[in-house]
Amino acid sequence: QKEVEQNSGPLSVPEGAIASLNCTYSDRVSQSFFWYRQYSGKSPELIMSIYSNGDKEDGRFTAQLNKASQYVSLLIRDSQPSDSATYLCAVNRGSQGNLIFGKGTKLSVKP
Amino acid sequence: GAVVSQHPSWVICKSGTSVKIECRSLDFQATTMFWYRQFPKQSLMLMATSNEGSKATYEQGVEKDKFLINHASLTLSTLTVTSAHPEDSSFYICSARDPREGQAGELFFGEGSRLTVL
């Protein structure tokens, strides 16, 4: 089983809709979870971080964490064409704090 | 926020030559930096953890003699791809965390370096 799994997509949603991105992880001791956005040819940029069970909202983005189910999700409300990118789920691993990334979900928001 | 800068952003080299990529933390001191590699349509794969003043820690399957990492100062880590071959062509990205934010803080990424080996 891969450490961090995501549906590779592509996920296509119309402009203004809610995009839902999902991620599961295998290491139960993981404590920190991140969502990064990566545009083609660019390096990742942090969208959200979440450390506790429940929801965390930041503008149009909501991250959800369920440690019992080892599940993390990202909701993007009022999706915009500029949100079209690959979204990477990352989990903190190791004492030095490196991150393990999922393969990413490609999101396409159609005007 | 903290900034990590990488150079060069892209490089083309001939097979058999060596290429050095620099990673700098611009407004914080990083005792640890992480080097990732990303092949097309693949995720970021951790190659090694660079430790200031000591040897780097390499992930399983990464050749330490091929990918030389030097972390000589608290703001600079370098990755040298020695005797590069076409299969080494990839997007190399470094990252670091501001130690003042602790282990759970944001991991900042450099701009990435795209290596093409002819």
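Residue numbers start from 1 in every chain, and the chains themselves are labelled A, B, ... in the order their sequence lines are given, proteins ahead of strands. Side-chain atoms are counted along with the backbone in the values below, which use heavy atoms only and exclude waters and symmetry mates.
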- Query: Stepwise, does the salt bridge (Lys or Arg N to Asp or Glu O under 4.0 Å) test hold for A/Glu57 with A/Arg77?
  - Reply: CA-CA 11 Å; A/Glu57 186 174 319; A/Arg77 290 181 299 281; 3.4 Å; yes
- Message: Is A/Gln38 in contact with chain B via its backbone, its side chain, both, or neither, using a 4.5 Å heavy-atom distance?
- Response: side chain
- Heavy-atom distances under 4.5 Å only: say whether B/Leu46 touches chain A with side chain, backbone, both or neither. side chain
- Message: Quiz question: by atom type and distance under 3.5 Å, do the side chains of A/Ser49 and A/Trp35 form a donor-acceptor pair?
- Response: no
- Do you know which of A/Ser40, A/Ala90, A/Ser8, A/Pro44 has the most heavy-atom pairs with chain B at a distance under 4.5 angstrom? A/Pro44
- Side chain, backbone, both or neither: which part of A/Leu88 has a non-hydrogen atom closer than 4.5 Å to chain B? side chain
- Take A/Lys67 and A/Tyr51, measure what side-chain contact (heavy atoms from CB on, under 4.5 Å) needs, and give me the verdict at the end. CA-CA 10 Å; A/Lys67 290 185 180 181; A/Tyr51 310 103; 5.9 Å; no
- Chi angles and distances behind the side-chain contact (heavy atoms from CB on, under 4.5 Å) call for B/Met47, B/Glu59: CA-CA 5 Å; B/Met47 298 176 65; B/Glu59 295 297 300; 5.8 Å; no
- Query: Should the pair B/Lys20-B/Glu22 be classified as a salt bridge under the 4.0 Å nitrogen-to-oxygen rule?
  - Reply: no
- Give a yes or no on whether B/Tyr58 and B/Val19 share a hydrophobic cluster (residues Ile, Leu, Val, Met, Phe, Trp, Tyr; joining criterion: side-chain heavy atoms under 4.5 Å apart). yes
- So what's closer than 4.5 Å to chain B heavy atoms on A/Lys42: side chain, backbone, both or neither? backbone
- Under 4.5 Å from a heavy atom of chain A, the part of B/Leu107 involved: both
- Message: With a 4.5 angstrom heavy-atom cut-off, is it the side chain or the backbone of B/Gln6 that approaches chain A, or both, or neither?
- Response: neither
